[in-house]
Amino acid sequence: MASAFEYAPAPESRSVVDIAPSYGLFIDGEFTEAAGGKVFKSISPSTEEVLSEVAQATSEDVDRAVKAARKAFEKWSALPGSERAKYLFRIARIIQERSRELAVLETLDNGKPIKETRDADLPLVAAHFFYYAGWADKLDHAGFGANPRPLGVAGQVIPWNFPLLMLAWKIAPALATGNTVVLKPAETTPLSALFFADICRQAGLPKGVVNILPGYGDTGAALVAHPDVNKVAFTGSTAVGKEIARTVAGTKKKLTLELGGKGANIVFDDAPVDQAVEGIVTGIFFNQGQVCCAGSRLLVQESIQDELLEALKRRLGTLRLGDPLDKNTDIGAINSAEQLARITALADQGEAEGAERWSPTCELPTSGYWFAPTLFTNVTQAHTIARDEIFGPVLSVLTFRTPEEAVAKANNTQYGLSAGIWTEKGSRILAVANKLRAGVVWSNTFNKFDPTSPFGGYKESGFGREGGRHGLEAYLDV
């Protein structure tokens, strides 16, 4: 049998992106220093290289940004929807024009492979702005009654796994509906949000409509608690989401939370095995498994377990781990040392609790934060790795015999964000999907996103919907 095809390195050039040695906060249309004068470093996860120093926002800066957004709200909300749409269309086009630059930047700052930022993230970012630009002058026809009004200032806190895409999910509907924004990017991935601030200036967006405040958890907490913020949107961990819910409780702030997940990917015995294997790989190893809706629990029908696992292990042996800027790379770097430590601890715990661990032969780079794609078999529902969100390239395999057992095991979690079903029977897809307590159920595919389709969870995966017509409601007084 012929040996595996050898790939020559195909690196994307870093020269397309110019990263400044330092960045300030973006408040009222201008970059400015933080009130406390503190800065923090943004580090490339694949090399541990310092990319830039970034100003660290304080509560005083939050107050400045909210005041700027409140002032800008009067004129922005009074614009006809068709005029707001022009700005969103302009932003979308600039994102497309600068997509190669932004993809390289995101890969450097986040650690994910360039082919993911280039082929998935950036097209979706532009698509969200195009989509919500189309809604800006049609809000009367969105199904929320006549003349729905914007809420005011939206405080938005986004995670590090999809920095630019999560920004688009939040800013695009907020602006389309006439709100102004104060956004806090994650402390490990602030750069693409700051480049977006430059895009806002390039598009001629009025000052104060979008404000960007890099910082740590205390910055986000100050933004959430600010009395003049009317709407809070958060994507991140369930623990922080609960804290935000407690902060907002008793106020008039509107809240949406998109939190953790432990998605079940269910493979029935009539599923096309090779297609299912590709879906399983996409479900858990896309973005190194650092995806809230990852298919981190594989539920496979007992009769095909051996066949499927053999095919899956064979496929994992072909995945290429390494330089995220190489166009051949499938598995990039883990986002931070802290996240790598969490993944490592949970994987070690799975092994200690008796699950069988397997990884393909995989040489890890000597610098940066790396974790080999990992498969656990002989997993029970009592295992920690079957219950807790690992947020890494770790797949837990469980088995079932009947559709009823599959549904019971899939729903046996505190989360409810996503699920996948693999079968050739359309009737089975509909019957099983209707019983799954998950916000999104994919059939014979996984991790497919579209700006026209709503996304969100049940239980400890949060509440509210982002994307589609449903995503408008969170930013309107209806």
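For the single chain, residues carry numbers from 1 onward in sequence order. A quick note: this is a predicted structure, and the numbers were derived from the prediction, not measured.
Counting only N and O atoms by type, the side chains of D109 and S42 include a donor and acceptor under 3.5 Å apart. Between the side chains of N447 and W442, no donor N or O sits under 3.5 Å from an acceptor N or O. Side-chain atoms of T399 and Q305 form no donor-acceptor pair, as typed in the model, at a separation below 3.5 Å. Under 3.5 Å, the side chains of T238 and E460 contain no donor-acceptor pair of N or O atoms. No side-chain donor from either of T47 and S367 sits under 3.5 Å from a side-chain acceptor of the other. Counted by atom type alone, T384 and E353 present one or more donor-acceptor pairs between their side chains at under 3.5 Å. A donor atom on one side chain and an acceptor atom on the other are found under 3.5 Å apart for T107 and T117.
At distances below 3.5 Å, not a single donor-acceptor pair connects side-chain atoms of K184 with backbone N or O atoms of A221. Distance alone, capped at 3.5 Å, is enough to place a donor-acceptor pair between the K253 side chain and the V224 backbone. Within the 3.5 Å criterion, the main-chain N or O of D270 finds no donor-acceptor partner in the side chain of K425. Between the N179 side chain and the L151 main chain, a donor and an acceptor come within less than 3.5 Å of each other.
Residues F268 and I421 come closest through the heavy atom pair CE1-CG2, 3.9 Å. Pairing each heavy atom of I429 with each of N444, the nearest pair is CD1-ND2, 3.9 Å. Pairing each heavy atom of V379 with each of A355, the nearest pair is CG2-CB, 4.0 Å.
Residue-environment remark: NZ (K138) exceeds the threshold of 12 foreign heavy atoms within 6.0 Å. Atom CG of N147 is surrounded by more than 12 heavy atoms from other residues, nucleotides or ligands within 6.0 Å. Heavy atoms from other residues, nucleotides or ligands lying under 6.0 Å from CZ of R401 number 12 at most.
Put simply, CZ on F285 and CG on L319 are 7.0 Å apart, with the number rounded to the nearest 0.5 Å. The distance from atom CD of E106 to atom CG of D121, rounded to the nearest 0.5 Å, is 6.0 Å.
Within the 6.0 Å centre-distance limit, the rings of F129 and F196 are counted as a close aromatic pair. Outside the 6.0 Å centre-distance limit, the rings of W422 and F446 are not counted as a close aromatic pair.
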Original post:
Under the salt bridge (Lys or Arg N to Asp or Glu O under 4.0 Å) criterion, do R93 and E97 qualify, and how do the steps go?
Top reply: CA-CA 6 Å; R93 287 195 298 270; E97 290 164 5; 5.6 Å; no
Subject >> R246 vs E243, salt bridge (Lys or Arg N to Asp or Glu O under 4.0 Å): CA-CA, chis, key distance, verdict >> reply: CA-CA 5 Å; R246 285 191 287 269; E243 193 175 320; 5.1 Å; no
Subject >> Trace of the salt bridge (Lys or Arg N to Asp or Glu O under 4.0 Å) decision for K231 with D477 >> reply: CA-CA 10 Å; K231 153 75 181 165; D477 182 358; over 6 Å; no
Original post:
When you look at D330 and K115, which way does the salt bridge (Lys or Arg N to Asp or Glu O under 4.0 Å) test go after all the steps?
Top reply: CA-CA 8 Å; D330 300 301; K115 67 180 181 182; 2.5 Å; yes
Subject >> Full working for side-chain hydrogen bond (donor to acceptor under 3.5 Å, both in side chains) between T329 and D323 >> reply: CA-CA 7 Å; T329 296; D323 180 8; over 6 Å; no
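Taking the ring axis of F376 as reference, the NZ or CZ atom of R357 does not stay both within 45° of it and closer than 6.0 Å to the ring centre. Cation-pi geometry between R149 and F144 is not met at under 6.0 angstrom from the ring centre and within 45 degrees of the axis.
Under the side chain to side chain contact (heavy atoms under 4.5 Å, CB included) rule, F234 has a single partner from V240, V248, L255, which is V240.
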Anything under 3.5 Å between a donor and an acceptor, one on a side chain of residues 152-163, the other on a protein residue two or more places apart or in another chain? List them.
residue, atom, partner, partner atom, Å
Q156, NE2, K170, O, 3.0
Q156, NE2, Y475, OH, 3.0
N161, ND2, Q290, O, 3.1

